[in-house]
Protein chains: 2
Amino acid sequence: MINDRKDLSAVARRNDHSREELKELILDAAWDIVAVNGSESLTARGIGKKIGYVPGTIYNIFPSMEVLHLHLNARTMDMLFEKLEKTACKKNGTFEEKLFQLASSYIRFSEQYQPFWMTLFTTDIQECKKNHSWYEEKIERIFEPLNTILKQYLRGKDARQIEADSYILWSSVHGLVYLWVTGKASYLEAGQGQRRSGKKALETAIRLLISTYVAGISARKITV
Amino acid sequence: MINDRKDLSAVARRNDHSREELKELILDAAWDIVAVNGSESLTARGIGKKIGYVPGTIYNIFPSMEVLHLHLNARTMDMLFEKLEKTACKKNGTFEEKLFQLASSYIRFSEQYQPFWMTLFTTDIQECKKNHSWYEEKIERIFEPLNTILKQYLRGKDARQIEADSYILWSSVHGLVYLWVTGKASYLEAGQGQRRSGKKALETAIRLLISTYVAGISARKITV
DNA sequence: AATAATATTGAACAATGTTCAAAATAATAA
DNA sequence: TTATTATTTTGAACATTGTTCAATATTATT
């Protein structure tokens, strides 16, 4: 009967799992809960129940639920980065087409992993800035795939200029996607009149954004 | 001693305030609390204490704290709209300069009313879609000032095209501002190297965005 | 003056994050 | 082997939160 998790009278120091295993267990359970029931239903008690531990145990691994959220976000960002990089590496298509495919990947990701993706932006990052520099590095990485594409197609241009453009372009696409996902862009929804509606409208808008911005890169007068 | 709010034994049906007055009282108090202590510290009990009522009273006026948030957001959007409209109506400056001034107003607003502005994007809008169509109208209004400027300077172009461009441009600016305010844009912060840092960097980026997009409007090949 | 309507309360409920002393077990030393 | 130390895990508690609702005191009406 020793180390049997079903035996609730056997208390303390079960040591079924190392700290690292426990961390994975907790994050896996948390991920499941958010995937099934949304991010508002992620609680310490819920995680505990799911892995056969008590809420307090979670605080042995994470100092607070907020930090746990940061680690969930880390997983989300890793997945997003992988997806973007895969898309950026494909060898076919024109410049604009590649840019659109990257944006398209971002759209799909925001749909497919909506609650996780939303949490990226609702988690307060202030505490994170103090102790978790790895977090900011993961953020920066998200901008890289676009930067790579721009470098490839704008050879010869100033590196700083390219960096600025990729940052601006990415933030712009993000702005459109964000307002779309959160439903704060009625422009993209109203099916009335000659407007397209929903995702199609978003894709059209993003195509136009990319087309216009790329044309502007050659035509504009000022630089960074 | 009748109707004296200090007399706590005088209970029920004080009728010091009409429902409408109470609504204003509650929202005023809520606004103060958020302004001083941030939006996380906005609680039904806190509001009640501040106006000399009990938490339950708030539920006579608002069906839930979430709806109260929507009404706070309404105030925020009204103020933002006023500010943007004022800026858009000024008669001086070139096209690009006017666009930048509008964006600049948005930046200032997001700084000055940060917690209120943030709440606009953290409040879940789903419930609102059911019963509060006035809310979506307030959102739509935010896009109008930019639309007005574009119409003014792009006379002769297709109205639908202009609407699309103003929507895209506004969302793009918003994307940049949002990532800046929430601290998720390390590009705008790293003071290292030759990058500008902080607000100056944001302004530079937005200037470049506007410049590039406007140049692109004339140079691009596809339209909506 | 009696009755109906209603604004307001106070107390409760369930759920949350979080803390921490106590307990049980593993690791180590004697 | 036995005793001691160190560590993991618990369970119970605390403070807050949103929210509900019967009871009550006041106003309005008949």
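The structure displayed is predicted, hence computed values, not measured ones.
Salt bridge annotation for Arg75(A)-Glu24(A): present, with a cationic side-chain nitrogen under 4.0 angstrom from a carboxylate oxygen. Classification of Asp28(B) and Lys50(B) as a salt-bridged pair fails, no side-chain N sitting under 4.0 Å from a carboxylate O.
Ile61(B) places its CD1 atom 17 Å from the P atom of dG18(D), with the value rounded to the nearest Å. The nearest whole Å value for the distance from the CG atom in Leu68(A) to the C1' atom in dT18(C) is 14 Å. In this structure, Lys23(A) atom NZ and dT8(D) atom P are separated by 16 Å, rounded to whole Å. As a whole-Å value, the separation of Asp16(B) CG from dT9(C) P is 9 Å. Atom CG of Asn60(B) and atom P of dA5(C) are 18 Å apart (whole Å). The CD1 atom of Ile26(A) sits 13 Å away from the C1' atom of dT8(D) (whole-angstrom rounding). The nearest whole Å value for the distance from the CD1 atom in Ile58(B) to the C1' atom in dT9(C) is 13 Å. Between the NZ atom of Lys49(A) and the C1' atom of dT16(C) there is a distance of 14 Å, given to the nearest Å.
Comparing atom distances between the Tyr59(B) side chain and each of dT8(C), dG18(D), dT10(D) picks out dG18(D) as nearest. Side chain of Ser64(A), nearest nucleotide from dT10(D), dT9(C), dT18(C): dT18(C). Side chain of Ala44(A), nearest nucleotide from dG17(C), dG18(D), dT9(D): dG17(C).
Heavy-atom distances to DNA chain D give each of Gly56(A) and Met65(B) a nearest nucleotide, and the one nearer the 5′ end belongs to Gly56(A).
Side-chain atoms of Thr123(A) come within 3.5 Å of backbone N or O of Thr119(A) as a donor-acceptor pair. Between the side chain of Glu21(A) and the backbone N or O of Ser18(A) there is at least one donor-acceptor pair closer than 3.5 Å.
In this structure, Thr57(A) does not reach the dT8(D) phosphate: none of its side-chain N or O atoms is under 4.0 Å from OP1 or OP2. Under 4.0 angstrom from either OP1 or OP2 of dT9(D) there lies at least one side-chain N or O belonging to Tyr53(A).
Sorted by first then second residue, the salt bridge (charged side-chain N to carboxylate O under 4.0 Å, His left out) pairs that include residues 107-117 of chain B, not counting sequence neighbours, are Glu111(B)-Lys199(B).
Across all strands, Leu42(B) comes closer than 4.0 Å only to sugar-phosphate atoms, never to a base (heavy-atom distances).
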Considering only nitrogen or oxygen atoms on both sides, find all protein atoms under 3.5 Å from nucleotides 14-16 of chain D and state each distance.
none

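Closest of all the heavy-atom pairs between Thr87(B) and Ser105(B) is OG1-OG, 2.7 Å.
Partners of Lys23(A) under the side-chain contact (heavy atoms from CB on, under 4.5 Å) rule, at least two apart in sequence or in another chain, are Glu20(A), Leu27(A), Ile61(A), Phe62(A), His71(A).
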